[in-house]
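Okay, structure first, notes after.
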Protein chains: 2
Amino acid sequence: MAASDILKPESLAKVLSEHGVRPTSQRETVYQSLLNKRTHPTADEVFARVRETAPTISLATVYNCLDVLVQNKLVRAVNFERAPTQYCANLAPHAHFHDEAGRTLDIEMPTEVIDQLRDLLPDDFDVKHIEVNFHGRAPQND
Amino acid sequence: MAASDILKPESLAKVLSEHGVRPTSQRETVYQSLLNKRTHPTADEVFARVRETAPTISLATVYNCLDVLVQNKLVRAVNFERAPTQYCANLAPHAHFHDEAGRTLDIEMPTEVIDQLRDLLPDDFDVKHIEVNFHGRAPQND
DNA sequence: GAACAGAATTGGAATAATTCCAATTCGCAA
DNA sequence: TTGCGAATTGGAATTATTCCAATTCTGTTC
């Protein structure tokens, strides 16, 4: 599946099951909301989005769903200093650029760069995840 | 000054002034506590440490001092997912490895690796800071 | 060295993000 | 279809951090 695909309901459920996530309507809605609009929303923002289609969903459930999606590697959690966690449905290896205006941008990261970072560590380190965050000022028209 | 130096009181005050930080006893104590013991304490842990020598210091002041030190680049703030901010007096460019047991280790990062990361971005991006975090399992005897 | 002004500190209250909990509801397998 | 474990819900609780108003300190000027 290409990262930018918007899934039909039935394939959405299928993707969830295939990743070991029991497909519930809440999980589908939360996941779909991340796929539809590729910004980097916080849990609160996801909550606001999904309320439109699922008005009875609770914030606790949004947190639960996001956790499950992250744990099953369908979604990435991104953390910047003193900011609430943001969520990202882009699964291709990438870094994040964090704008002073608050924007978050995906930055492609080729495999060889990732490998080089991995090589900074001794072999007996077992690396689960590498996180690269840039902070600064991005040009306006981007 | 080498990163591992433990400063005499008078040079400590001098380092602070030179960095534009008005040297107060609280700031000195907080900074010294980070220099003395090179773990990656949270604000609470720093609070606990400095209370031993400065029993009347308040948690708010510890936060203030840490902020001032970070803003004046004498200390780095490190953030991991869903964990309180940790503080680090190692100013050499380095990444962090975050153990599943909760340990945080400094990982040296050569300039050329940093440059390569910088090159992932278009030239018109103004990069203030690059953060590299590893997550995983580190060998026990380290 | 006293007086002043601005900066820093303090303790407690307030906020923001996230987690916890107990009760209900749901989804799947027998 | 019934039952069981998993998921959801709403609200309360927790945690980390910030805010605020009152006090104290620091450095400067006379």
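To find a chain, count down the sequence lines: A is the first, B the second, and so on, and within it residues start at 1. Keep in mind it's a predicted model, so treat the numbers as computed, not measured.
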Nearest-nucleotide 5' precedence on DNA chain D, B:A60 against B:P84: B:P84
Separation of atom CD in A:E45 from atom C1' in C:dT18, rounded to whole Å: 16 Å
Distance (rounded to the nearest 0.5 Å) between B:L74 CG and B:E18 CD: 10.0 Å
Residues in side-chain contact (heavy atoms from CB on, under 4.5 Å) contact with A:F97, at least two apart in sequence or another chain: A:D99, A:L105, A:I107, A:F134, A:A138, B:L121, B:F125, B:V127
First of B:R22 and A:R22 reached from the 5' end of DNA chain C, by closest nucleotide: B:R22
Separation of C:dT10 P from B:R51 CZ (nearest whole Å): 11 Å
Minimum-distance pair of heavy atoms, taken over all atoms of B:V46 and B:P41: CG2-CG, 3.7 Å
Rounded interatomic separation in angstrom, taking CG from A:N64 and P from C:dC20: 10 Å
Nucleotide C:dT9, atom P - distance to CG of B:L69 in whole Å: 10 Å
Separation of atom CG in A:D44 from atom P in C:dT15, rounded to whole Å: 16 Å
Whole-Å distance separating the CG atom of B:L66 from the P atom of D:dT18: 11 Å
Sugar-phosphate only, base, or nothing, as touched by A:T85 at under 4.0 Å among non-hydrogen atoms: sugar-phosphate
B:H94 versus B:C88, closest heavy-atom pair with distance: NE2-SG, 3.5 Å
Student check: side-chain heavy atoms of A:R27 and A:V21 closer than 4.5 Å: yes
Under-4.0 Å side-chain N/O to phosphate OP1/OP2 contact, B:Y63 with D:dT18: no
Candidate nucleotides C:dT18, D:dT8, D:dT18, ranked by approach to the side chain of A:R82 - the nearest: D:dT18
Between C1' of D:dT15 and CD of B:Q86, the distance in whole Å: 15 Å
Proximal nucleotide (of D:dT17, D:dG5, C:dA17) relative to the B:L59 side chain: D:dT17
Rounded distance in Å - CG (A:D67) to P (C:dA17): 16 Å
Contact under 4.0 Å: B:T24 side-chain N or O vs C:dT9 OP1/OP2: yes
Touch class at under 4.0 angstrom, heavy-atom based, for A:T61 against every strand present: base
Under-4.0 Å side-chain N/O to phosphate OP1/OP2 contact, B:Q26 with D:dC25: no
